[in-house]
Amino acid sequence: MENLNHEQREAVETVEGPLLILAGAGSGKTRVIIYRIVHLIETGVRPDRILAVTFTNKAAQEMKERIHKMLGHQRQIAAPLISTFHSLCVRILRRDVEKMQSAYTRDFTIYDTDDQTRLVRTIMKDLGFDDKSLSARLALSVISGAKNRGQSPTSYANQADYASEKTEKIAQIYRQYEQRIAQANAMDFDDLLIKTVELLRQVPDVRAHYHERFAHLMVDEFQDTNAIQYELTRLIAVGATKIEQAKINEEELWKGRSLCVVGDLDQSIYAFRGSDFNIILNFEKDFQGTKLIKLEQNYRSTQTILEAANKIIERNTQRLPKTLYATDALGQGEAIRYYQSYDGDGEASFVGEKIQEHLRRDPHTRCAVLYRTNAQSRLFEESLRRRGLAYNIVGGFSFYERAEIKDLIAYLKLAMNPHDDMALSRIINAPPRGIGKATLDILHTQQQDLGVSMWEAIGVAIANKTINTRAMLALDGFRRVMSAIRERVNADEALSEIVKAVAADTGYVSALQEEKTEEAEGRLYNIEELVSAAVEAENQGETLRDFIDHAALVADTDQYKEDARVTLMSIHAAKGLEFPVVFMVGLEENLFPHSRAASSEKDLEEERRLCYVAITRAQKYLYITHAMRRRTWGEELAAEPSRFLNEIPMTLMQDVSLGPSWLKFAARPETKHNREAAAALRGEAPPAVKKTSNFSGKTYNSVDSVNDFFKRRIQEAEAREAGTPKPVDAAKGRAGGASAGSPPPRVASASDSGAKFKVGARVRHAKYGQGMVLKVEGVGDEAKLTVSFPGYGQKKFVAKFAALEKA
DNA sequence: TTTAGTACACTTTTT
DNA sequence: GTGTACTAAA
């Protein structure tokens with residue numbers, strides 16, 4: 001423990017009572033949690049009396065491994081439980097759900113977002129709400145919000161400010177939704193938490209069990225907990241309902257117990273799904289005698305990066321003052337590199353190029369490209385693929401979201417819980433068995449009339465012969481397939497055997513094999529992967545139940561591979577991670593901050609926290625990029641620089657854009673008009689204008705004129721380039737970014753004479769071979785070189801990073 | 001009933 | 001640009 005600072009050590013050694021740790025980004029908070037757990041165990045606490053709740057399965061896994069390593073030499077009787085809120089709840093419910101007043105059995109299934117949406121769609125169809133005014137997604141998010149506030153369908157309808165037609169409709173959908181999900185013996189993500197809290201409230205035995213078992217409870221990323229998660233935490237830690245708590249002697253309660261929560265207000269980025277950082281603000285009030293420890297020493301990033309982060313977050317009003325301090329060891333560090341590209345392709349090319357340079361210099365470095373929306377990933381993927389760089393992408397569709405995987409899992413789910421209507425409707429005709437819409441409609445009507453599940457409806461239909469012969473044969477075939485799987489499950493066959501049987505006996509694999517298309521090949525490959533995953537899980541001692549739960553609860557962020565050299569992901573997914581090199585891309589108004597957040601100051605502050613999270617992921621190098629034009633929904637539109645660019649001090653940034661850029665323009669006003677426009681760009685417009693909307697009216701117009709200015713310059717440059725003897729690689733064209741926004745080639749001035757490379761110099765490059773320097777911008781190491789390589793076209797380099805030799 | 005083709009709505013962020 | 005949902009034809 002000697003390598004901990006004073007505050008960290010205090011946090012580790014405080015093992016009794018409520019403890020609140022406010023930990024800034026990169027302040028070694030994960031280490032504190034790990035050391036604290038180890039410390040608890042070393043002072044004689046039984047490992048299985050410790051519970052640590054993390055944000056992702058991945059974080060849980062990592063923590064487990066590190067603790068195991070640290071305790072490796074000691075004999076471990078039991079391990080501490082390290083889990084996400086959702087996994088914890090599934091565990092609790094699978095054990096005790098039948099003890100509470102509800103129809104749920106321990107075989108309940110978990111409905112993921114996809115299942116939920118399909119359920120809402122079915123309900124809307126049944127209720128005749130197929131008009132365009134209400135989307136299933138919207139209905140679902142409203143329902144989820146109401147559920148998390150503890151509102152029943154009725155109280156939701158009553159509590160709405162005004163009874164609109166929409167609220168009334170949503171209330172009806174909500175009512176049906178709750179009914180049908182319960183009837184299917186299924187729970188959605190919200191239910192997992194809600195039902196667990198209900199169970200602990202309702203059944204004193206169960207509450208006492210977990211209260212006694214988990215004497216030491218830790219919650220990471222506490223700023224992102226919602227009211228239900230908080231209540232769950234409280235129930236386990238205190239072992240009493242709110243009313244009972246008033247009668248408890250707090251001092252008595254905390255003997256040999258602790259509740260330690262760790263969080264950072266500035267990194268609260270999940271308000272959109274109900275997390276509430278007021279919980280952390282009220283923690284001291286809720287728990288008498290809370291000890292507060294602040295960790296502000298940052299061990300991750302250079303002074304420059306931290307300054308930028310501090311300056312950004314300072315603008316928020318909803319926060320507690322806090323400043324991150326850099327360690328001397330890392331020092332000031334390099335300037336933040338700023339790059340403006342002509343369009344999205346140019347941005348991606350720049351990022352690809354820089355990643356290549358960084359990897360060439362240090363093959364073991366790790367780079368991350370962080371974007372606001374997952375839709376931005378495509379261009380970067382293409383750029384990296386063009387350069388032959390391997391990358392790992394987090395988010396988008398994960399393995400478990402692929403249709404074939406979901407189908408096979410649905411067979412397993414249905415085998416375990418025949419009332420799971422969503423699983424059934426998913427696979428009843430996959431592969432095609434001749435059960436079409438007409439048959440399903442009949443079944444659905446009968447199901448609604450009888451108030452039973454689809455599976456039961458099939459049985460009834462066959463018994464009563466209410467369906468034509470051909471469809472009946474098909475249904476009977478399906479029923480037999482399912483029964484065979486159920487028999488295997490009931491016979492406790494090995495997990496991997498069951499998965500293999502599902503792939504083969506359902507005809508799923510053979511149907512794909514017959515297709516003989518490339519796509520089918522890919523799907524078959526994925527099925528093989530699923531089988532290997534099952535074998536792996538079996539070796540780990542998992543049951544079929546565990547395997548299915550795992551598939552439902554893995555998050556996108558769990559796809560993150562620590563050792564990947566290049567990772568693409570959303571900023572949300574990057575929380576808790578760190579990288580030597582970070583690219584924060586797409587700094588454009590309406591993208592980041594996102595257009596959906598522009599309306600309210602509260603949302604805007606969350607966007608700013610998001611920006612703060614992105615910046616503080618960087619250890620050594622931070623690149624910030626934006627494009628002047630961006631293609632959205634198939635249309636290319638002018639993009640305005642993000643207001644966040646104005647909030648980072650210009651002195652911290654170095655402009656590596658190829659032509660004139662927004663930053664250069666804003667930094668060097670030369671005329672009165674420019675000065676005014678630049679001031680506006682920096683957000684120095686009169687407060688009255690700024691208050692109502694940060695970029696409107698005059699400000700917007702001036703940005704427009706900047707764009708016009710660049711457009712003209714680019715056209716001029718293009719005209720000149722057309723006359724250049726060495727044509728630009730046609731395939732890449734202007735989209736190569738390297739040539740986008742280029743100012744007219746400049747004759748090397750006398751000040752360039754001391755540079756390492758001069759115009760006209762012959763150079764050699766590891767990949768492109770012999771080339772000639774066409775252009776030198778800037779001086780010394782920072783100079784940007786344009787080099788022409790026969791057969792490869794023109795390439796741009798920064799002298800310092802370029803793998804160029806004099807030839 | 002299935003399939004192929006076309007129209008269209010869509011994207012914040014995620015356990 | 002993409003995935004889904006609806007329509008028309010086999």
Side-chain angles (χ1 to χ4, degrees), chain A residues 53-60 83-90 110-114 116-118 121 125 130 132 135-138 140-141 144 148 187-194 221 224-226 228-229 232 268-275 344 370-379 382 394-398 400-401 403 429-441 468 470-471 474 511 515 549 552-559 569-575 586 590-599 603 606-607 609-611 613-614 630-636:
Chain A
V53 179
T54 59
F55 203 65
T56 62
N57 294 299
K58 187 88 201 169
S83 143
T84 63
F85 269 116
H86 289 84
S87 308
L88 172 71
C89 288
V90 170
I110 302 168
Y111 274 9
D112 62 19
T113 320
D114 187 56
Q116 294 182 67
T117 319
R118 284 190 303 138
R121 266 198 207 117
K125 213 176 265 171
D130 41 23
K132 302 277 185 284
S135 73
R137 280 178 50 99
L138 175 69
L140 196 57
S141 77
S144 170
N148 279 308
M187 297 197 196
D188 62 24
F189 288 132
D190 299 326
D191 286 327
L192 294 175
L193 299 163
I194 293 167
E221 308 283 11
D224 287 323
T225 40
N226 64 27
I228 310 239
Q229 291 166 333
L232 177 62
S268 162
I269 53 175
Y270 284 97
F272 69 90
R273 70 165 198 225
S275 80
L370 307 182
Y371 33 77
R372 178 73 226 309
T373 66
N374 282 309
Q376 286 166 261
S377 70
R378 216 193 81 251
L379 292 174
E382 282 169 8
V394 179
F397 33 70
S398 75
Y400 288 102
E401 276 170 75
N429 205 33
R433 313 189 156 81
I435 303 171
K437 195 172 171 295
T439 312
L440 283 175
D441 279 348
N468 70 55
R470 214 173 69 180
E515 271 188 47
D549 284 347
L553 295 174
V554 281
D556 286 339
T557 38
D558 295 330
Q559 301 161 48
M569 61 180 140
S570 72
I571 299 171
H572 282 89
K575 192 170 75 155
N590 295 325
L591 183 60
F592 191 23
H594 197 271
S595 52
R596 301 280 279 256
S599 53
D603 288 346
E606 179 145 319
E607 295 286 307
R609 288 193 292 271
L610 207 46
C611 185
V613 168
R630 188 169 294 276
R631 194 174 214 102
T632 5
W633 295 318
E635 225 190 342
E636 191 159 76

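As a basis for the values below, the full set of heavy atoms in this structure was taken, side chains included, without hydrogen atoms, waters or symmetry mates. We name chains A, B, ... by the order of the sequence lines, and we start the count at 1 in each one.
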Tell me: [atom1] of [X] to [atom2] of [N], nearest whole Å?
X	N	atom1	atom2	result
A/R118	C/dT4	CZ	P	12 Å
A/L379	C/dT2	CG	P	11 Å
A/R631	C/dT2	CZ	C1'	13 Å
A/L440	B/dT1	CG	C1'	11 Å
A/M569	B/dT14	CE	P	11 Å
A/R470	B/dT2	CZ	C1'	10 Å
A/D114	B/dT15	CG	P	15 Å
A/H86	B/dT15	NE2	C1'	4 Å

Is [X] touching bases, backbone alone, or none of the nucleic acid, heavy atoms closer than 4.0 Å?
X	value
A/D190	nothing
A/I435	sugar-phosphate
A/S595	nothing

Between the protein and nucleotides 10-13 of chain B, which nitrogen or oxygen pairs come in under 3.5 angstrom?
unit_1, atom_1, unit_2, atom_2, d
B/dT11, OP2, A/R137, NE, 3.2
B/dT12, OP1, A/R596, NH1, 2.2
B/dT12, OP2, A/R596, NH1, 3.3
B/dT12, O2, A/R372, NH1, 2.5
B/dT12, O2, A/R372, NH2, 2.2
B/dT13, OP1, A/N374, N, 2.8
B/dT13, OP1, A/N374, ND2, 3.3
B/dT13, O2, A/R372, NH2, 2.7

Query raised in the report: Can the ring centres of A/H572 and A/F272 be said to be less than 6.0 Å apart?
Result: yes
Query raised in the report: For A/I269 and A/D224, which heavy atoms make the closest approach, and how far apart are they?
Result: N-OD1, 3.2 Å
Requested in this report: Could you tell me which non-hydrogen atom of A/R433 sits nearest to which non-hydrogen atom of A/N429, and how far apart they are?
Outcome: N-OD1, 2.6 Å
Query raised in the report: What class does the angle between the rings of A/F189 and A/H86 fall in, given that below 30° is parallel, 30 to 60° is tilted and above 60° is perpendicular?
Result: perpendicular
Report task. Can you tell me, in whole Å, how much space there is between the C1' of B/dT13 and that of C/dT4? Result -> 22 Å
**Report entry** Between C/dC6 and B/dT11 - P atom distance, rounded Å
**Finding:** 16 Å
Report task. Consider only side-chain N and O atoms of A/D190 and A/S144, and report whether a donor and an acceptor are under 3.5 Å apart. Result -> yes
Query raised in the report: Which residue, A/F55 or A/P432, contacts DNA chain B at a nucleotide closer to its 5' end, judged by nearest heavy atom?
Result: A/P432
Set out, line by line, the N/O atom pairs under 3.5 Å between protein and nucleotides 5-10 of chain C.
unit_1, atom_1, unit_2, atom_2, d
C/dA5, OP1, A/R121, NH1, 2.9

Query raised in the report: Tell me, do A/T54 and A/S83 make a side-chain contact under 4.5 Å, heavy atoms counted?
Result: no
**Report entry** Spacing of CG belonging to A/L370 relative to CD1 belonging to A/I571, to within rounding of 0.5 Å
**Finding:** 6.0 Å
